[in-house]
2 protein chains.
Amino acid sequence: MVNAGNAKMIDRGNTETLILDAAMQVFLEKGRHGARMQEIADRAGINKALLHYYFRSKKNLYAEILSRVFRIFYARITEAHRPGLPFREQLRLFIDVYVDMLDSNPRIPLFLAREMSEGGVIVSDFMKRFQQEMDPAVPDLIVSAIEQAASRGEIRRVDPRHFLMSMIGACIFFFVAKPLVLTIFKDSGWMESQAFVAERKQAVFDLLYNGLNPGGISS
Amino acid sequence: MVNAGNAKMIDRGNTETLILDAAMQVFLEKGRHGARMQEIADRAGINKALLHYYFRSKKNLYAEILSRVFRIFYARITEAHRPGLPFREQLRLFIDVYVDMLDSNPRIPLFLAREMSEGGVIVSDFMKRFQQEMDPAVPDLIVSAIEQAASRGEIRRVDPRHFLMSMIGACIFFFVAKPLVLTIFKDSGWMESQAFVAERKQAVFDLLYNGLNPGGISS
DNA sequence: ATACTGTTTAACCAAATGGTTAAACCTTAT
DNA sequence: ATAAGGTTTAACCATTTGGTTAAACAGTAT
């Protein structure tokens, strides 16, 4: 048998992936504490003991998922950076990619937020590692893009860190607080449409880019 | 004994308050699932059975706390609205009050976010009730303040809902993602100072108010 | 065939946890 | 004094949950 040798490996890989996929679903939905090992096993269609066979403990499995989520997150943001673009386009691209990611993975920010509320040590560790490994790290890229644009006079001079926080916050909020927002604005459907997401992107871009306009300001 | 009659009541009130205070602490720290009834009892310095005596179940106690937190939240935001102020000052006041609240109760947004991630039905219900009871509701006040400012020509015309979401997001993000932000910007202390909070307020205000400048914009 | 290896399963376990109960306790009213 | 009321406690219970184990089940090499 030519491929008999790796049938086992394929299967091993399969089981492991099955577990990871199921675990990701459940952890994203229920969080670290709310998640149940049994539910993960059920959703993966395997025996619960296998969870401990492949990943020693719940804590371990959780860390694995956290890492996975974080990698997805980081990878998408990395895509959003194309050096050399005028800042205006750079900003538009970033908002576009970022909001799209949030739109298709609305649970991720909430998941990370929960982790934050538990102290955020693990996520912070990942971030530290990523910042060292990836060179240069994404945040630094964005920061320097802002600084350069300011030097060129394309935008006014601002603290890039503050701008970054405001931008990310503006992008994220709607997706994190969706149920509340829908209630506040008595929305019935429109805000859940794809068109609304596009509108949201435009609104954030307009506000932020205008907010960086060299004219104006006299606080 | 002059005040013997209400000694019981005082005590009753005390116990109930003790429980609520302890429960708030624990629920804010650990979330609905992470919180343990025993820990709440311990922190209140009373017997666990009393929790069930005063509030039937954990679910019940949680709902009580959720309502409490939400009321604090809503009350503070209400304060931040003084009709008649020029929009510029209105905006500054709002950011000031809002950020201060986040700074002194950093766990609240995280707590509500967790609730959101669990579906957010309960919070949405509170919001609905508040919107009906309070007249006019705070969000509506802000929305109309924006619209009037636009009519006066003080700011450009924007969708108030989008602006509100961007503003709140920009205010909240730092406090929710603090551990991560500190890591990203390799901060050592500065961002945890009171001076930084003031700086943050200013940065958000500048960006947003400038973003509403009638000139500029040509997306 | 058989022994060996890694994989999968059902049954099981100890600890934790939300919740209950019956008795003790304290204050007030009679 | 004593009965009555709400309040507080220690002990207890049923269930859930993460985790373990020993046996069954493949494939593979000898």
Side-chain angles (χ1 to χ4, degrees), chain A residues 1-66 114-115 118 122, chain B residues 1-66 114-115 118 122:
Chain A
M1 284 115 204
V2 180
N3 62 350
N6 53 359
K8 183 179 8 181
M9 293 195 67
I10 284 172
D11 211 49
R12 184 181 204 289
N14 255 342
T15 305
E16 222 175 293
T17 308
L18 278 175
I19 294 177
L20 284 172
D21 288 347
M24 183 143 129
Q25 278 181 37
V26 177
F27 275 125
L28 278 176
E29 274 175 39
K30 312 285 176 72
R32 193 215 297 241
H33 293 294
R36 301 297 149 196
M37 296 297 266
Q38 189 58 59
E39 187 177 352
I40 295 175
D42 288 347
R43 237 186 268 196
I46 51 137
N47 189 285
K48 186 176 63 122
L50 281 183
L51 301 183
H52 294 92
Y53 180 74
Y54 284 96
F55 310 85
R56 272 209 321 282
S57 62
K58 185 182 186 182
K59 204 176 147 188
N60 229 288
L61 181 54
Y62 177 76
E64 208 66 44
I65 297 303
L66 189 51
R114 275 203 226 202
E115 184 52 34
E118 226 112 309
I122 314 185
Chain B
M1 286 114 207
V2 180
N3 62 349
N6 52 0
K8 183 177 12 179
M9 292 196 68
I10 284 173
D11 211 48
R12 185 182 202 289
N14 255 341
T15 305
E16 220 174 294
T17 308
L18 278 175
I19 294 178
L20 283 172
D21 288 347
M24 183 142 130
Q25 277 181 37
V26 177
F27 275 126
L28 278 176
E29 274 174 39
K30 311 285 175 74
R32 194 215 296 241
H33 293 294
R36 300 299 147 192
M37 295 298 266
Q38 190 58 59
E39 188 178 350
I40 295 175
D42 288 348
R43 240 189 265 196
I46 51 134
N47 189 285
K48 187 175 63 123
L50 281 183
L51 302 183
H52 294 93
Y53 180 74
Y54 284 97
F55 309 85
R56 271 210 320 282
S57 62
K58 186 183 184 183
K59 203 176 146 188
N60 230 289
L61 181 54
Y62 177 77
E64 208 67 42
I65 297 302
L66 190 50
R114 277 203 223 202
E115 185 53 34
E118 227 113 307
I122 314 184

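Any value given below was found using the heavy atoms of this structure, including those in side chains, with hydrogens, waters and symmetry copies removed. Throughout, a chain's letter reflects where its sequence line sits, starting with A, and its residues are numbered from 1.
At C:dG18, one or more side-chain N or O atoms of B:R36 fall inside 4.0 Å of OP1 or OP2 (strictly under the cut-off). Considering only side-chain N and O atoms, A:Y53 lies nowhere under 4.0 angstrom from the phosphate OP1 or OP2 of C:dG6. The side chain of A:T15 places an N or O atom within less than 4.0 Å of a non-bridging phosphate oxygen (OP1 or OP2) of C:dT8.
A:A44 and A:L18 make their closest contact through CB-O, 3.7 Å (heavy atoms, listed as atom of the first residue, atom of the second, distance).
Separating the CG atom of B:L50 from the P atom of C:dT20 is a distance of 14 Å, rounded to the nearest angstrom. Here C:dT20 presents its P atom at 6 Å from NE2 of B:H52, a figure rounded to the nearest Å. Taking atom CE on A:M37 and atom P on C:dA15, their separation rounds to 19 Å, with Å as the unit. Between the P atom of D:dT8 and the CD atom of B:E16 lies a distance of 10 Å, rounded to the nearest Å. The OH-P distance, from A:Y54 to D:dG19, rounds to 18 Å in whole Å. For B:I19 and D:dT8, the CD1 to C1' distance is 11 Å, given to the nearest whole Å. Going from atom CD1 of A:I40 over to atom P of D:dG19 covers 11 Å, rounded to whole Å. The interatomic distance linking A:L51 (CG) with C:dT8 (C1') rounds to 12 Å, in whole Å.
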Taking only nitrogen or oxygen atoms into account, show me every contact under 3.5 Å that the protein makes with nucleotides 10-13 of chain D, one pair per line with its distance.
unit_1: D:dA10; atom_1: OP2; unit_2: B:N47; atom_2: ND2; d: 3.4
unit_1: D:dA10; atom_1: N7; unit_2: B:N47; atom_2: ND2; d: 3.2

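Every residue meeting the side chain to side chain contact (heavy atoms under 4.5 Å, CB included) condition with B:E118, not counting sequence neighbours, appears here in chain and number order: A:R114, B:R32, B:H33. For A:E64, there are no side chain to side chain donor-acceptor pair (under 3.5 Å) partners at least two apart in sequence or on another chain. Evaluation of the side chain to side chain donor-acceptor pair (under 3.5 Å) rule for A:K30 yields A:E39 as partners, not counting sequence neighbours. For the salt bridge (charged side-chain N to carboxylate O under 4.0 Å, His left out) test, no residue two or more places apart in sequence or in another chain qualifies with B:D42.
Taking the side chain as every heavy atom from C-beta outward, B:F27 and B:L66 never approach each other to under 4.5 Å.
In this structure, CD1 on A:I19 lies 4.0 Å from CD1 on A:I46, to the nearest 0.5 angstrom.
There is no side-chain donor-acceptor pair under 3.5 Å between B:Y53 and B:E16.
A distance-only check finds a donor-acceptor pair linking the side chain of A:K58 to the backbone of A:A35 [under 3.5 Å].
Listed nucleotides: D:dG18, C:dG18, D:dT8. Nearest to the side chain of B:K58: C:dG18.
Residues from residues 27-34 of chain B with heavy atoms under 4.0 angstrom of DNA chain C: there are none.
Across all strands shown, B:A35 has heavy atoms under 4.0 Å from sugar-phosphate atoms exclusively, and none from any base.
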